[in-house]
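Notes follow the structure.
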Amino acid sequence: MDMYKKILVVVDPTCNEQKALKRAIELATRLTESSSETVSITAFFSIFDFSYEMTTILSSNERDAMRQMVIKDKQQWLDDKVKELDSSLNITSEVVWHNRPFEAIINQVIEHKFDIVIKGTHQHDKLKSVVFTPTDWHLLRKCPSPVLLVKEHEWPKDGNILAAINVGSDEEEHLSLNNKITEQASKLAGLIDANVHLVNSYPGTPVNISIEIPEFDSTEYNNAMLKHHQDSMTQHANKYNVNPNNTYVEEGLPETVIEQVAKKIDAELLILGTIGRTGISAALIGNTAEHVIDHLNCDVLALKPDGYVSPLAE
């Protein structure tokens, strides 16, 4: 399986526990065992200290030298972290000076053609929930490669992967993204011995229609909407040999439906699309996305549609 040959791991220098790096090693080990391909991992983070840029007493060369000293020190720390994991995999490390972490990450992806970015999330101790940083959201929106945001949930054998799709749309962008999401779910399920589940939400009757058009039959409308989505889900699930019992079509907002289903099946991984003008992919990457993802104790894999070009590459 040649899904991911080059993995970029975003390391958090403020944490001793590097869950993203451990997840990358777990994934790379399984990929290596399932094929003869070599999988490489690059542990990476960017640093920046504004005080070094504003020190007018020092010359430009002296400031450069100080920056290099800081980078060298952090590089040594990162190398030590990698050695502690005692992995037989090919793991390199790199530290760069950049004032915008998300740009530094995406530049690495574009320049070195990484197949996936893996990054840990931050746990809010008091609220016991995950806090997504601006870097996370920039990566979800602008990184051209898949982004895997890692939480605390393990990847147990016979676990559950939840793929959030939009089967109600006939737009080519959504159909293509549905296929991509489900294909990734199926491949990962085979890799980590998990089960694939599919979830789709659909909107209920708009309240204003029922008020403005008294003769409008909301029950008939809802039944027709439900049947359309169920039929589309069945067709899509059959295409990928997904067990019908593992499909969910529910009325409601995407963030609400996905959260409910993910908790119901104790999903270890949620896979979703991040670019779309309408439907589930558009609704998830916005303010409402924070509510669904923050409250789930599982990893999140965000995919872009084929042909997506990052604004940083334009």
Side-chain angles (χ1 to χ4, degrees), residues 1-10 20 23-24 27 31 102 105-106 108-110 113-119 121 132 135-151 155 160-169 171-192 194 196-201 233 236-237 239-240 242 254-255 258 261-262 267-286 288-290 292-293 296 298-313:
M1 183 184 295
D2 58 353
M3 291 174 61
Y4 310 122
K5 294 181 181 178
K6 296 183 66 176
I7 300 175
L8 181 66
V9 181
V10 181
R23 181 73 85 226
L27 180 59
L31 285 165
F102 81 90
I105 296 165
I106 295 175
Q108 288 288 314
V109 171
I110 294 172
K113 295 180 171 55
F114 284 99
D115 299 313
I116 186 172
V117 173
I118 302 180
K119 182 183 181 299
T121 54
F132 275 66
T135 296
D136 297 333
W137 292 113
H138 279 300
L139 289 178
L140 288 174
R141 292 181 174 96
K142 301 172 184 176
C143 184
S145 69
V147 176
L148 176 62
L149 297 174
V150 178
K151 299 192 180 183
W155 283 5
N160 296 312
I161 295 175
L162 181 62
I165 56 178
N166 180 19
V167 295
S169 172
E171 291 185 17
E172 182 56 37
E173 181 184 44
H174 286 294
L175 294 174
S176 175
L177 198 51
N178 287 342
N179 292 333
K180 188 171 187 177
I181 291 169
T182 312
E183 286 170 3
Q184 286 279 304
S186 298
K187 289 180 179 179
L188 282 169
L191 190 70
I192 64 176
V196 176
H197 297 252
L198 304 176
V199 61
N200 178 88
S201 69
M233 174 65 88
H236 184 80
K239 179 180 177 181
Y240 290 97
V242 176
E255 60 269 23
I258 291 171
V261 173
E268 62 201 80
L269 174 64
L270 168 65
I271 304 179
L272 50 82
T274 61
I275 294 294
R277 293 183 296 276
T278 60
I280 199 167
S281 51
L284 273 172
I285 301 306
T288 55
E290 299 179 25
V292 60
I293 300 178
L296 293 180
C298 68
D299 292 0
V300 176
L301 177 62
L303 306 178
K304 299 294 191 303
D306 293 335
Y308 171 80
V309 177
S310 170
L312 272 68

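Atom set for the values below is all heavy atoms of this structure, side chains included, hydrogens, waters and symmetry mates excluded. In this text the structure is predicted, and so the values were computed from the model without any measurement. Count residues from 1 along the sequence.
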*Passes side-chain contact (heavy atoms from CB on, under 4.5 Å), K142 versus Y308? Steps please.*
CA-CA 9 Å; K142 301 172 184 176; Y308 171 80; 4.3 Å; yes
*Go through the steps for I192 and I161 under the test side-chain contact (heavy atoms from CB on, under 4.5 Å), then give the verdict.*
CA-CA 10 Å; I192 64 176; I161 295 175; 4.0 Å; yes
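Counting only heavy atoms from C-beta outward, the side chains of M3 and I116 never approach each other to under 4.5 Å.
Summarising the geometry, atom CZ belonging to R141 is positioned 11.0 Å from atom CG belonging to D136; distances are rounded to the nearest 0.5 Å. One distance of note links CD of E268 with CG of L296; it measures 13.5 Å at 0.5 Å rounding.
Side chain of K180 to backbone of K304: a donor-acceptor contact under 3.5 angstrom is found. The backbone N or O of E172 sits nowhere less than 3.5 Å from a side-chain atom of S176 that would complete a donor-acceptor pair. With hydrogens and angles ignored, the 3.5 Å screen pairs no side-chain donor or acceptor of N166 with any backbone N or O of H174. Distance alone, capped at 3.5 Å, places no donor-acceptor pair between the S310 side chain and the C143 backbone. Within the 3.5 Å criterion, the main-chain N or O of L269 finds no donor-acceptor partner in the side chain of D299. Side-chain atoms of K6 never come within 3.5 Å of backbone atoms of K113 as a donor-acceptor pair (strictly under, hydrogens ignored).
Under the side chain to side chain contact (heavy atoms under 4.5 Å, CB included) test applied with L272, the options V199, V300, L177 reduce to a single match, V300. The residue from V147, V109, I106 that alone fulfils the side chain to side chain contact (heavy atoms under 4.5 Å, CB included) condition with L8 is V109.
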